[in-house]
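Reviewing the structure listed below.
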2 protein chains.
Amino acid sequence: MDFKLETFLPYRLNLAAELVSQRFAAQYRARYRMTRPEWRALAALGSYGRMTATEIGANSSMHKTKVSRAVRALEEKRWLKRSEDLDDRRIEHLELTPAGRRIYGEMVVLARDYERELAGLLGTGGLKQLEAGLAAIEAKLAAPARRRAPKD
Amino acid sequence: MDFKLETFLPYRLNLAAELVSQRFAAQYRARYRMTRPEWRALAALGSYGRMTATEIGANSSMHKTKVSRAVRALEEKRWLKRSEDLDDRRIEHLELTPAGRRIYGEMVVLARDYERELAGLLGTGGLKQLEAGLAAIEAKLAAPARRRAPKD
DNA sequence: AATGGACAGTTACATCTGCAACCACCTGAC
DNA sequence: GTCAGGTGGTTGCAGATGTAACTGTCCATT
């Protein structure tokens, strides 16, 4: 019985994710009073333009309730506006307002700065290895983006 | 502006951590009605024997309120017992009961099975790279286990 | 001995989260 | 046209979380 939590992959991954996310999250929390779901939705909309809530969820791996709440929060900040779909009235098209795009632009700068900082800390080797490992996980474990699965 | 969330390291790490943790967490949730903090505390106590709540927190990277609640939950399941320290009455020594050790033993088996499964999925290469990357993060970003820091 | 930190652990509160139920709407079979 | 089932999105609720404040205890200084 020499199991040790600190060598257990799920634990290490969670810890690493927390360590890496923490400082970046502190920035958008402090500067813009944004939560993580809001940042993800903003990032998705900022880089892909107009999307539906479901598409945001698929793109940023968020549960639809998280997306719903994040969208509402961004809307209340006047960074996002909804518009209806004339063919299918269940759908709402979402896109950033000019103010939202401005914030997005600022966040992208911060994100890039942080990526550079991480690259410096981890070294090119560490970073490359990490990315390769993450790619393996994404390839093998990610939900296969099912278009039509029986019921999972 | 070609920032993409799906290549952003903090996002990828969170996603990977979630993918990898999820299936394992489902096991202890379903089988033992355990939460993640409870599993971590159980694992810490199972592998190191008697510890204090603060030590559990340091070992498993949990906030002291999480530890407090996890300890209470494990105690209510009769998997853990507290005993007082005669020299310092602020401290409580925590250890698993026989029932707790049994559960721990079963969980270790599940954990090992899962590690093997992951190793198979990721391949030796992917796993080694991932571990190297995680080691880099832990080395560079982990809180330096400060014994006496000014105030952070 | 008294007093002012510092520390172990708990708890109140506000927030965040996921699940399940829900509403409105669409689509295909009849 | 109508009805059943599916889909986009929202919400009620119960559980989980972090922050800050709290209790009780220790210890160094006086």
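Just so it is clear: chains get the letters A, B, ... in the order the sequence lines come, proteins before strands, and each one is counted from 1.
One interatomic measurement links the two molecules: CZ of B:Arg89 to C1' of C:dT10, which rounds to 17 Å at whole-angstrom precision. Atoms CD (B:Glu92) and P (D:dG24) sit 15 Å apart, rounded to a whole Å. Whole-Å rounding puts the B:Glu76 CD to D:dG15 P distance at 13 Å. Nucleotide C:dG9 holds its C1' atom 14 Å from the CG atom of B:Leu80, rounded to whole Å. As a whole-Å value, the separation of A:Arg90 CZ from C:dC26 C1' is 4 Å. The distance between atom CD of A:Glu55 and atom C1' of D:dG9, rounded to the nearest whole Å, is 14 Å. As a whole-Å value, the separation of A:Asp85 CG from C:dA24 C1' is 14 Å. Between the CE atom of B:Met51 and the C1' atom of C:dA8 there is a distance of 15 Å, rounded to whole Å.
The phosphate of C:dG9 has neither OP1 nor OP2 within less than 4.0 Å of any side-chain N or O from B:Arg82. Of the side-chain N and O atoms in A:Arg72, one or more sit less than 4.0 angstrom from OP1 or OP2 of D:dT11. Between B:Ser68 and C:dT10, a side-chain N or O to OP1/OP2 separation shorter than 4.0 Å is present.
Note on A:Asp87: only backbone sugar-phosphate atoms sit closer than 4.0 angstrom, heavy atoms only; bases stay farther off.
Side-chain proximity of A:Ile91 to C:dC26, D:dG9, D:dT25: nearest is D:dG9.
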Using atom types as modelled, flag every donor-acceptor pair under 3.5 Å from a side chain in residues 8-21 of chain A to any protein atom, sequence neighbours excluded.
{"unit_1": "A:Tyr11", "atom_1": "OH", "unit_2": "B:Ser61", "atom_2": "OG", "d": "2.8"}
{"unit_1": "A:Arg12", "atom_1": "NE", "unit_2": "B:Glu138", "atom_2": "OE2", "d": "2.9"}
{"unit_1": "A:Arg12", "atom_1": "NH2", "unit_2": "B:Glu138", "atom_2": "OE1", "d": "3.2"}
{"unit_1": "A:Asn14", "atom_1": "ND2", "unit_2": "A:Pro10", "atom_2": "O", "d": "3.0"}
{"unit_1": "A:Asn14", "atom_1": "ND2", "unit_2": "B:Ser21", "atom_2": "OG", "d": "2.5"}
{"unit_1": "A:Ser21", "atom_1": "OG", "unit_2": "A:Ala17", "atom_2": "O", "d": "2.8"}
{"unit_1": "A:Ser21", "atom_1": "OG", "unit_2": "B:Asn14", "atom_2": "ND2", "d": "2.5"}

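Residues B:Arg82 and B:Val71 have side chains in contact (heavy-atom distance under 4.5 Å, counting atoms from C-beta outward).
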- Starting at the 5' end of nucleotides 12-21 of chain C, put B wherever the base has a protein heavy atom under 4.0 Å, S where only the sugar-phosphate does, and a dash everywhere else. BB--SSBBB-
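The side chain to side chain donor-acceptor pair (under 3.5 Å) analysis of residues 125-137 of chain B, with sequence neighbours excluded, yields no pairs.
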- Task: Evaluate the side-chain hydrogen bond (donor to acceptor under 3.5 Å, both in side chains) criterion for residues A:Glu55 and A:Tyr48: first the C-alpha distance (whole Å), next the side-chain angles of each, then the deciding distance (0.1 Å), finally the verdict.
- Result: CA-CA 10 Å; A:Glu55 288 166 349; A:Tyr48 290 107; over 6 Å; no
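A side-chain N or O of A:Ser83 and one of A:Arg50 form a donor-acceptor pair less than 3.5 Å apart.
Between A:Arg31 and A:Glu106 there is no salt bridge, since no side-chain nitrogen of the basic residue lies less than 4.0 Å from a carboxylate oxygen of the acidic one.
Under the 3.5 Å distance criterion, the side-chain polar atoms of A:Arg101 are matched with a main-chain donor or acceptor of A:Leu96.
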